Amino acid sequence: MAVQLEEFTKNKPLIDFQISVLTFNVFSGPPKERLYIGFIGFFSLIVFLLVSTHLLNTFNGEINDNIMTSILHIMGTCLFCLKTFVGWYRRKEIHELRREIEDLLKVNETDEDLQRIVTERMKDSLKLWKLCTRWGIRLVCLCALTYAIMARFNPKIGLIMDIPYTNITSSVLKEVLHDIPSVLIISMGPIFISIELAVLFLGIPIVSEIDILENYLKVYNEKIKTTPHFMSKLIEKHCKVLRNVNLLNVTFSEMTFIQFFASIIIFLVVFLSVRKNSDQIEYYMLCVAGQMQLLPFCLLGQYIKVKTDKLSDTLYLTNWYELSLKDQKTFLIILGMAQREYGLKAAGMYEVNLNTFVKIQKLSFSYCAILYTLSK
């Protein structure tokens, strides 16, 4: 068994869990995982209703810590529900992407140099995903735990839940309602980051496939004439790369748009919270956790754009003029296709890259400055 396939088999349970979270699959898989995902979904819905009731009953135009925390809980639960709904709606495309990745891991090239390249690139992609998983979960859990504990005992926040048509007088019930948001934050941390990690698992190998094609061109550049079926292999690999990039874009088009819109509001509230409470560490932790919701999408989009641009340059520098006239014409068509812009687009309109990530930060910070000035 190939090294990369062994690595995939070893990590398959974790991959299955992340894909299950992304598609909100509560009907198959280990019972504990199904129960956990279903519980978080139901718990999020209950918290959303209780916090929304509180916000409707208490908001009078003043923006304080209680109101900002309520908005963050509402946006967090809405974001989780919408992203998992889109994942469920796109489950066919997600499973198709997964099958494409498994096929890539099982590729067995006849040429030793090309097989070595495939093995190295796919092994590196799994290592990168494992690194993101290890440190992503740790960092999010640390941020969630710190914020949940500090916010629970922050008198400025207070109670952010109301039970409809009920006057809460019991001290025990008040304590329970105080604890519920903290429990939700701690339990949802691994679930939230699992969605982003599943996207990275599906995206990183596709980028590695672009790398494999680029290296294929470099390996055979000096021996184009002597390589049998060079053009047919190039067409097959290039079409497969473009198909998988487009499939990745279609799969996460709606999800990235939802993430963009939600991130503007979340960053606005988080920046305002930090501005008002610059001496409290929990808001900085919340800021880090918020960044980790958007950053994986933007990094993946940037990575795809850079690699596809590099592939276009490599194609251009290939000794295509040594091919036959018929193959030259075919190659020029491939070159023209490669010169188009490829990458992720939110709702097919907004580019998903680091430039967009910075723009969202700037936009949120600008509105934060205006709200802070008006609330003084």
Side-chain angles (χ1 to χ4, degrees), residues 17-59 66-91 94 140-141 143-145 147-148 151-152 157-168 170 173-199 254-266 269-270 286 289-290 292-294:
F17 173 71
Q18 291 178 359
I19 298 294
S20 294
V21 174
L22 179 63
T23 57
F24 200 72
N25 181 14
V26 294
F27 301 106
S28 62
K32 287 183 180 179
E33 292 182 0
R34 286 187 289 157
L35 183 62
Y36 180 37
I37 296 169
F39 169 74
I40 292 297
F42 177 74
F43 196 21
S44 300
L45 183 60
I46 296 299
V47 170
F48 171 77
L49 293 173
L50 296 180
V51 176
S52 299
T53 301
H54 169 78
L55 191 62
L56 291 171
N57 291 339
T58 59
F59 183 60
N66 180 277
I67 296 300
M68 289 189 293
T69 305
S70 300
I71 293 172
L72 284 175
H73 276 79
I74 290 172
M75 289 304 302
T77 51
C78 279
L79 184 59
F80 170 73
C81 292
L82 287 172
K83 285 169 76 172
T84 51
F85 174 76
V86 172
W88 173 83
Y89 176 73
R90 291 291 187 182
R91 62 192 182 280
I94 289 170
V140 164
C141 287
C143 293
L145 187 63
Y147 177 76
R152 169 63 182 84
I157 294 177
L159 191 64
I160 63 168
M161 288 184 173
D162 280 345
I163 300 175
Y165 310 111
T166 304
N167 186 16
I168 304 172
S170 171
L173 182 56
K174 284 184 178 180
E175 289 299 317
V176 170
L177 292 176
H178 269 296
D179 293 335
I180 288 176
S182 297
V183 172
L184 178 68
I185 292 169
I186 294 170
S187 58
M188 281 192 73
I191 287 284
F192 251 112
I193 194 63
S194 291
I195 295 174
E196 277 65 42
L197 292 172
V199 173
E254 299 93 350
M255 193 176 294
T256 48
F257 179 76
I258 291 167
Q259 184 67 63
F260 279 2
F261 179 75
S263 293
I264 293 171
I265 300 173
I266 290 172
V269 178
V270 169
L286 189 62
M292 291 181 68
Q293 286 290 299
L294 179 62

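In this text the structure is predicted, and so the values were computed from the model without any measurement. The chain is numbered in sequence order, starting from 1.
Heavy atoms only, all atoms of each residue included: Gly76 and Phe192 are closest at O-CZ, 3.1 Å. Across Leu294 and Ser263, no two heavy atoms sit closer than the pair CB-OG, 3.8 Å. Contact record, Gly87 with Ile94: O-CD1, 3.6 Å, taken as the closest heavy-atom pair. The two residues Pro190 and Ile186 have their closest heavy-atom pair at CD-O, 3.6 Å. Considering all non-hydrogen atoms of both residues, Cys78 and Phe48 come closest at SG-CE1, 3.3 Å. Gly189 and Val140 get closest at one heavy-atom pair: O-CG1, 3.4 Å.
Under the rule for a side chain to side chain contact (heavy atoms under 4.5 Å, CB included), the partners of Ile46 that lie at least two apart in sequence or sit in another chain are Phe42, Leu50. Qualifying side chain to side chain contact (heavy atoms under 4.5 Å, CB included) partners for Ala144, counting only residues two or more places apart in sequence or in other chains: Ile185. With sequence neighbours excluded, the residues satisfying side chain to side chain contact (heavy atoms under 4.5 Å, CB included) with Ala198 are Gln18, Ile19, Leu22. Remark: Arg152 engages Glu175, Asp179 in a salt bridge (Lys or Arg N to Asp or Glu O under 4.0 Å) (not counting sequence neighbours).
If you take OG1 on Thr84 and CG on Leu79, they are separated by 9.0 Å, rounding to the nearest 0.5 Å. The distance from the CG atom of Asp162 to the CG atom of Asn57 is 5.0 Å, given to the nearest 0.5 Å. With rounding to the nearest 0.5 angstrom, the NZ atom of Lys83 is 5.0 Å from the CD1 atom of Ile195. Atom CD1 in Ile265 sits 10.5 Å away from atom CG in Leu72 (nearest 0.5 Å).
By the neighbour-count criterion of 12 heavy atoms within 6.0 Å, atom CZ of Phe85 is sparsely surrounded, having that number or fewer from other residues, nucleotides or ligands. Atom CZ of Phe59 has more than 12 heavy atoms from other residues, nucleotides or ligands within 6.0 Å.
Applying the side chain to side chain donor-acceptor pair (under 3.5 Å) definition to pairs two or more places apart or across chains, those involving residues 66-81 are His54-Asn66. Listed by first and then second residue, the side chain to side chain donor-acceptor pair (under 3.5 Å) pairs involving residues 22-48 are Asn25-Ser28 (not counting sequence neighbours).
Taking the side chain as every heavy atom from C-beta outward, Glu196 and Met292 never approach each other to under 4.5 Å. Annotation: side chain of Ile40 is in contact with side chain of Ser187 (closest heavy-atom distance under 4.5 Å). Using a 4.5 Å cut-off on side-chain heavy atoms (C-beta onward), Met255 and Arg90 make no contact. Ile266 is not listed as a side-chain neighbour of Gln293, based on a closest heavy-atom distance of 4.5 Å or more.
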